[in-house]
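Inspection log for the structure reproduced underneath, given as structure tokens.
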Amino acid sequence: MTAYPTNPWTKQEFEQKLREKEKYYHIHHEFHILMNSGKLDKPAIQGWVANRFYYQVIIPVKDAAIMANCPDRDVRRHWIQRIIDHDGTQGDEGGIEAWLLLGEAVGLSREDLLSHKHLLPGVKFAIDAYVNFARQQPWEVAASSSLTELFAPTIHQKRLDNWPQYYPWIDERGYRYFRKRLTEARRDVLHGLDITLNYYKTREQQEKMLEVLQFKLDILWTMLDCMWMAYVENKPPYHNITA
């Protein structure tokens, strides 16, 4: 059994510990480094967009699972905005539609994206594990797992800054999703961080939360491991199986 120090971290110390997890964020994966330095070919960019689309579709499902487990009306009224951001409303189609536009901008058909034709099994397995986690854990724990958003605004801005020059073949209208998330992610971070800093009060709880955040970081990293094998090493699943 792990022995934890008896003294909890202050909120400031706890937040710093959470932010230190940034070094495990998927922007540091080799696949992401190549992508954001203009060194991936078109099929690899298309593969990333197609596989990440499954993640975009699942995000509101994950958030609905968190809300289903949450008895706090005020939290639900706030958290539901995340679902609206992705599913959209009449007149504002939301993040899923914006990602479909990104898919079209990189040369993928809407039909192939919606059918998940290009979805890698390992990516699907990782994302499904995240949804199951959100369904099974206390709502506060599942909500806190979303705190990888702490590190997201920077990555969206870098794509907006770099992709037009590195990948001029991508239609500019495809960047709507990244622009949209610049403000949404910052708002979501504030709410998620407030829940986390107030819910985890003992040192043991705080240490456990670091493990929860690492779990989510592992999900994102594993997705890129799968894409690296498929689109950089050119060894997709069953590549060595002959008909």
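Remember, predicted model here, so these are calculated numbers, not experimental data. Note that the numbering runs from 1 along the sequence shown for the chain.
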Next item on the list: Assess whether salt bridge (Lys or Arg N to Asp or Glu O under 4.0 Å) is satisfied between Glu172 and Arg179, documenting all intermediate values.
Entry: CA-CA 11 Å; Glu172 194 276 340; Arg179 294 191 185 96; 2.4 Å; yes

For residues [X] and [Y], report the shortest heavy-atom separation together with the two atoms involved.
X      : Y      : value
Gln56  : Tyr177 : OE1-OH, 2.7 Å
Trp139 : Ile66  : CB-O, 3.6 Å
Leu100 : Arg110 : CD1-NH1, 3.6 Å
Gly174 : Ala105 : CA-CB, 3.7 Å
Phe31  : Ala44  : CZ-O, 3.9 Å
Phe151 : Lys21  : CZ-C, 3.9 Å

Taking the side chain as C-beta and beyond, is there a heavy-atom pair between [X] and [Y] under 4.5 Å?
X      : Y      : answer
Leu150 : Glu22  : no
Ser146 : Lys62  : yes
Val57  : Leu114 : no
Ile96  : Pro60  : yes
Met227 : His32  : no
Tyr167 : Asn162 : no
Leu18  : Leu193 : yes
Leu34  : Glu30  : no

If you count heavy atoms of other groups shown closer than 6.0 angstrom to [atom1] of [X], is the number above 12?
X      : atom1 : result
Tyr24  : OH    : no
Lys158 : NZ    : no
Phe125 : CZ    : no
Ile80  : CD1   : no

With clusters defined by side-chain heavy atoms of hydrophobic residues (ILVMFWY) lying less than 4.5 Å apart, directly or transitively, does [Y] cluster with [X]?
X      : Y      : result
Tyr55  : Ile84  : no
Phe133 : Tyr199 : yes
Tyr175 : Leu101 : no
Met209 : Phe215 : yes
Tyr54  : Leu120 : yes

Nearest 0.5 angstrom please: [X] [atom1] to [Y] [atom2], how far?
X      : Y      : atom1 : atom2 : result
Glu140 : Asp72  : CD    : CG    : 8.5 Å
Gln16  : Glu20  : CD    : CD    : 4.5 Å
Ile58  : Lys124 : CD1   : NZ    : 7.5 Å
Arg76  : Asn69  : CZ    : CG    : 11.0 Å
Ile195 : Ser144 : CD1   : OG    : 7.0 Å
Gln12  : Leu197 : CD    : CG    : 8.5 Å

Notebook entry, point to check: Where does the angle between the aromatic ring planes of Trp9 and Phe14 fall among parallel (under 30°), tilted (30 to 60°) and perpendicular (over 60°)?
Noted result: parallel

Next item on the list: Answer yes if the side chains of Gln157 and Asp161 hold a donor-acceptor pair under 3.5 Å, and no otherwise.
Entry: yes

Next item on the list: Compute whether any side-chain donor of one residue and acceptor of the other, for Asn198 and Lys11, lie under 3.5 angstrom apart.
Entry: yes

Check ion pair [X]-[Y] (N to O, under 4.0 angstrom):
X      : Y      : result
Arg176 : Glu93  : no
Arg173 : Glu104 : yes
Glu207 : Arg203 : yes
Asp92  : Lys180 : no

Next item on the list: Show the numbers, then the answer: is there a side-chain contact (heavy atoms from CB on, under 4.5 Å) between Asp85 and Gln81?
Entry: CA-CA 6 Å; Asp85 287 342; Gln81 185 61 48; 2.9 Å; yes

Item checked: Verdict with reasoning, Tyr130 to Asp218, per side chain to side chain donor-acceptor pair (under 3.5 Å) -> CA-CA 10 Å; Tyr130 182 38; Asp218 291 346; over 6 Å; no

Notebook entry, point to check: For Trp48, which of Trp228, Tyr231, Trp99 qualifies under ring pair (Phe, Tyr, Trp, His ring centres under 6.0 Å)?
Noted result: Trp99

Note to self: Check for me whether the distance between the ring centres of His28 and Trp221 falls short of 6.0 Å.
What the structure shows: no

Next item on the list: Check each of Lys216, Arg82, Arg187 against Glu149 using the salt bridge (Lys or Arg N to Asp or Glu O under 4.0 Å) test, and report the only one that passes.
Entry: Arg82

Notebook entry, point to check: Going through the distances and angles, do His26 and Leu217 end up as a side-chain contact (heavy atoms from CB on, under 4.5 Å)?
Noted result: CA-CA 7 Å; His26 62 164; Leu217 291 164; over 6 Å; no

Checklist line | side-chain contact (heavy atoms from CB on, under 4.5 Å) partner of Leu119, chosen from Asn51, Leu113, Asp112 | finding: Asn51

Notebook entry, point to check: Are Val61 and Arg135 close enough, and set up right, to give a side-chain contact (heavy atoms from CB on, under 4.5 Å), and what steps lead you there?
Noted result: CA-CA 10 Å; Val61 177; Arg135 287 172 174 152; 3.8 Å; yes

Note to self: I'd like to know whether Leu147 forms a side-chain contact (heavy atoms from CB on, under 4.5 Å) with Val212, so could you lay out the CA-CA distance, the side-chain angles of the two residues, the decisive distance to 0.1 Å, and finally the verdict.
What the structure shows: CA-CA 10 Å; Leu147 271 185; Val212 168; over 6 Å; no

Item checked: Main-chain N/O of Asp128 paired with Asn132 side-chain donor or acceptor, under 3.5 Å -> yes

